[in-house]
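A quick write-up on the structure given underneath.
From a predicted model like this one, the values you see are computed outputs, not experimental measurements. Basis for what follows: all heavy atoms, side chains included, without hydrogens, waters or symmetry-related copies.
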Amino acid sequence: MPRILIIDDEKAIRNTLKEILEYESYQVDQAEDGPTGLDMLIRDKYDVVLCDIKMPKMDGIEVLERASVLAPDAAFIMVSAHGNVEMAVDATKKGAYDFLQKPPDLNRLLVTVRNALDRTKLVAETKTLKKKVAKSSEMVGSSEALGAVRKAIEKVAPTDARVLITGPNGAGKEMVARQLHELSNRANGPMVEVNCAAIPSELIESELFGHEKGSFTSAVKQRIGKFEQADGGTLFLDEIGDMSLSAQAKVLRALQENKITRVGGEKEISVNVRVLAATNKNLLQEIADRNFREDLYHRLSVILIQVPALNDRRDDIPELIEKFLKDIANDYGNKPKKIDAAALDYLKGLDWRGNIRELRNVVERLVIMSDDTISAEDAKAFAGK
């Protein structure tokens, strides 16, 4: 049941609002002044707070400002009989969800409370999803090779420097990109990913820069490209080595000028984007073969991070397997299976050309095909080597 706190020095107003909201099946508590309300916000979790502005001891704006630190997830609806546009704007700037005049219109009150609850729920879901994404992009292992990657990430992430991430397929280049974003000053902004290898060369420019309506046959409406979507955040160009030369030229211009032009458009659009790129190709060889622009390479590779192959960090395999066993059990809703030491030793000795991605698939296969404890015999029978 959603919980609502009413902070108001007028008892009659508190009781009226409480009666209305309880009729709608909300759980409602009351506080007669700001300090009492803040104490209740510290002790308990509330989804929505209806807070008067003009109160003795502490006015509503100060309550709002303090609550933004003490209870940042609660949606504040400010209420006042003396409100005006300036007061409403000030309250909104300081974090209020909405502003209502006293006495509030019943329908407006209920709609505002419902919308505020939806917002609170959405914020909670977003935080949960971010935690899941952060967990899925967690870099597991304590090998020296992975330690060097972690150290590079910690140094580079807080800057806006462009990073070129290299390494074989399945080694974890995307995880490195996510860590760089999560530890950056842009972490609250979007991270937009583009797989350059998965987009046909004739569509890559539209994907990156967007297009205007009618710019080509199938352009039935305007489209916002990935550069604009990533404004204020991070753009991750995966498999950059597969990008066409014409698209490379436009990306180079965007990096030089921080401006893009949509396909079929003439207007220049300013963008504030940090670009991370990744490739499994040897770009210096691609430059020699005239498949990749050297000037773009130097723009992208301010910092180079080489992600080691799994065969170069075999000591991390037991830790990775333990993580995958937990993740797979979570996905299936089962208890995590155990694996004996002989099975771990056998798996450590295999050739992992598919890197972490291949190891994860093998672990899932072993979970499905084995009993409660994965034995060396299981590993030999089902690892597919």
Side-chain angles (χ1 to χ4, degrees), residues 137 139 149 152-153 156-157 159-184 186 189-211 223-231 233-263 271-309 354-357:
S137 64
M139 298 176 68
V149 173
I153 290 171
V156 176
T159 74
D160 259 354
R162 299 185 195 104
V163 182
L164 178 61
I165 308 161
T166 60
N169 281 333
K173 298 189 293 295
E174 183 183 341
M175 287 187 180
V176 172
R178 286 195 171 278
Q179 288 280 298
L180 286 166
H181 174 71
E182 291 297 328
L183 296 175
S184 75
R186 297 171 177 263
M191 179 174 177
V192 178
E193 301 178 30
V194 182
N195 187 334
C196 301
I199 304 168
S201 58
E202 64 271 15
L203 296 179
I204 187 73
E205 291 181 35
S206 171
E207 188 75 16
L208 290 173
F209 308 111
H211 61 248
R223 177 175 181 168
I224 303 300
K226 300 298 187 185
F227 265 90
E228 285 182 80
Q229 291 175 30
D231 192 45
T234 303
L235 178 65
F236 176 44
L237 301 175
D238 199 7
E239 304 301 348
I240 187 80
D242 292 283
M243 183 181 286
S244 67
L245 286 167
S246 62
Q248 288 177 35
K250 286 199 171 184
V251 169
L252 177 65
R253 178 177 174 271
L255 297 182
Q256 288 172 333
E257 303 176 12
N258 294 321
K259 291 179 182 177
I260 58 108
T261 304
R262 297 188 193 125
V263 175
V271 287
N272 174 18
V273 172
R274 182 189 192 179
V275 173
L276 308 176
T279 183
N280 63 343
K281 292 186 174 182
N282 182 339
L283 289 189
L284 294 177
Q285 185 59 52
E286 293 295 307
I287 291 167
D289 295 339
R290 299 183 181 278
N291 294 324
F292 201 83
R293 295 180 63 114
E294 185 174 5
D295 46 5
L296 177 58
Y297 172 80
H298 291 303
R299 284 279 175 182
L300 292 171
S301 60
V302 176
I303 302 293
L304 276 166
I305 295 180
Q306 171 74 34
V307 182
N355 294 291
I356 296 172
R357 194 176 296 146

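With hydrogens and angles ignored, the 3.5 Å screen pairs a side-chain donor or acceptor of Thr159 with a backbone N or O of Val156. Without hydrogens or angle criteria, Arg274 side chain to Ser184 main chain gives no donor-acceptor distance under 3.5 Å.
Just one residue in the list Val263, Leu237, Ile199 forms a side chain to side chain contact (heavy atoms under 4.5 Å, CB included) with Leu208, and that residue is Leu237. Exactly one residue among Arg262, Lys250, Arg253 makes a salt bridge (charged side-chain N to carboxylate O under 4.0 Å, His left out) with Glu205. That residue is Lys250.
Contact detail for Ile240 and Cys196: the closest heavy-atom pair is CA-SG, 4.2 Å.
Annotation: the span from Asp289 atom CG to Leu284 atom CG amounts to 11.0 Å, rounded to 0.5 Å. Rounded to the nearest 0.5 Å, atoms CD1 (Ile260) and CD (Glu228) are 4.0 Å apart. Within the model, atoms OG of Ser246 and CD1 of Ile204 stand 9.5 Å from one another, a figure rounded to the nearest 0.5 Å.
By the ring-ring contact (aromatic ring centres under 6.0 Å, His included) test, Phe227 pairs with Phe209, sequence neighbours left out. With sequence neighbours excluded, no residue satisfies salt bridge (charged side-chain N to carboxylate O under 4.0 Å, His left out) with Glu286. Scored by the ring-ring contact (aromatic ring centres under 6.0 Å, His included) test, Phe236 finds no partners at all (sequence neighbours excluded).
For the pair Arg223 and Glu207, the salt-bridge criterion is met [side-chain N within less than 4.0 Å of a carboxylate O]. Ion pair Glu193/Arg178 flagged as a salt bridge, since at least one NZ, NE, NH1 or NH2 atom sits closer than 4.0 Å to an Asp/Glu carboxylate oxygen.
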Decide side-chain contact (heavy atoms from CB on, under 4.5 Å) for Gln179 and Val149; before the verdict, give the C-alpha distance in whole Å, the side-chain angles of both, and the deciding distance to 0.1 Å. CA-CA 11 Å; Gln179 288 280 298; Val149 173; over 6 Å; no
